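Heads up: the structure comes next, in structure tokens.
Not measured: the values here are computed from a predicted model. Every number for a ligand or one of its atoms is a count from 1 in the order of the listing.
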Amino acid sequence: MPVDFSGTWNFVSSDNFEGYMLALGIDFATRKIAKLLKPKKVIEQDGDSFSIHTTSTFRNYSVQFKIGEEFEEDNKGLDNRKCKSVVTWDGDKLVCVQTGEKKNRGWSHWIEGDELYLELRCEDQVSQQVFKRA
Ligand code: VLP
């Protein structure tokens, strides 16, 4: 049985989100707001189909994908750069590679107990966020 990421996940903590946002070229004012946010994630997993909704008091972002199928991602409301994204399994980890203007861009999700982890990568920056099952 593969891991089931489905559910609602509340923000617990993050580290180096500032470094990640700087690597993405997010402006000062937006970074100041964004680093105070406690986003919520709602994940729906149906076989190899996923939707991930990230919501906050400032902006929301949603992405839908099937494992192994490349898709166009617009990153609207984030850095607005388009990229080609593909998500695959690495054991029980979901690993997304976002190919575009920014080198080494992507993210990984995994679960430890009742916590959801998110590693965000861009260029030489890595940020980690932790969420707890609601
Ligand atoms: C931009 C960078 C903050 C900061 C400004 C806007 C949406 C994996 C993946 C699914 C993400 C979240 C990316 C956050 C990057 C912010 C608005 C924050 C709330 O999630 O779950 O796309 O990539």
Side-chain angles (χ1 to χ4, degrees):
M1 270 289 278
V3 205
D4 191 2
F5 287 82
S6 296
T8 300
W9 303 88
N10 292 323
F11 180 88
V12 175
S13 63
S14 76
D15 69 66
N16 196 39
F17 190 46
E18 178 75 2
Y20 174 76
M21 288 193 290
L22 273 169
L24 277 179
I26 306 297
D27 69 82
F28 179 85
T30 305
R31 293 200 313 276
K32 295 306 121 185
I33 297 167
K35 73 180 187 189
L36 297 174
L37 299 174
K38 297 183 185 310
K40 174 186 288 199
K41 283 200 192 274
V42 176
I43 303 181
E44 292 166 63
Q45 177 177 349
D46 177 13
D48 270 354
S49 296
F50 286 77
S51 72
I52 303 181
H53 300 280
T54 308
T55 58
S56 75
T57 53
F58 178 51
R59 279 182 201 160
N60 303 322
Y61 187 71
S62 294
V63 66
Q64 274 143 282
F65 56 85
K66 278 188 184 168
I67 296 295
E69 290 188 10
E70 190 177 71
F71 61 100
E72 280 262 3
E73 193 172 6
D74 62 10
N75 295 288
K76 219 176 183 84
L78 304 181
D79 66 320
N80 298 304
R81 280 190 197 85
K82 292 198 167 87
C83 55
K84 300 258 195 202
S85 303
V86 64
V87 183
T88 55
W89 288 111
D90 175 14
D92 285 342
K93 273 191 190 187
L94 273 184
V95 179
C96 180
V97 175
Q98 297 171 308
T99 305
E101 191 186 326
K102 291 289 176 182
K103 298 295 170 216
N104 196 35
R105 181 172 184 172
W107 53 258
S108 301
H109 266 304
W110 68 95
I111 290 174
E112 292 181 20
D114 64 348
E115 290 182 330
L116 172 74
Y117 284 77
L118 170 61
E119 182 183 277
L120 294 162
R121 299 176 291 274
C122 183
E123 296 180 329
D124 61 345
Q125 297 297 309
V126 180
S127 171
Q128 188 169 277
Q129 299 185 344
V130 184
F131 299 79
K132 211 172 185 70
R133 208 180 261 285

- Those residues that, when tested against Asp124, pass side chain to side chain donor-acceptor pair (under 3.5 Å) (two or more places apart): none
- Task: Scan side-chain atoms only and decide if Gln128 and Asn16 contain a donor-acceptor pair under the 3.5 Å cut-off.
- Result: no
Quick check on ligand 1: any N or O pairs to the protein under 3.5 Å? One line per pair.
{"unit_1": "ligand 1", "atom_1": "20 (O)", "unit_2": "Lys41", "atom_2": "NZ", "d": "3.1"}
{"unit_1": "ligand 1", "atom_1": "21 (O)", "unit_2": "Lys41", "atom_2": "NZ", "d": "2.7"}
{"unit_1": "ligand 1", "atom_1": "21 (O)", "unit_2": "His109", "atom_2": "NE2", "d": "2.7"}

- Query: Is Arg105 paired with Asp79 through a side-chain N to carboxylate O contact shorter than 4.0 Å?
  - Reply: yes
- Message: If the condition is ring pair (Phe, Tyr, Trp, His ring centres under 6.0 Å), which residues does Phe58 pass it with, not counting sequence neighbours?
- Response: none
- Message: Taking side-chain contact (heavy atoms from CB on, under 4.5 Å) as the criterion, tell me which of Ile67, Thr88, Ile43, Val3 meets it with Leu94.
- Response: Ile67
- Pairs in or reaching into residues 14-42: which pass ring-ring contact (aromatic ring centres under 6.0 Å, His included), with residues at least two apart or in two chains? none
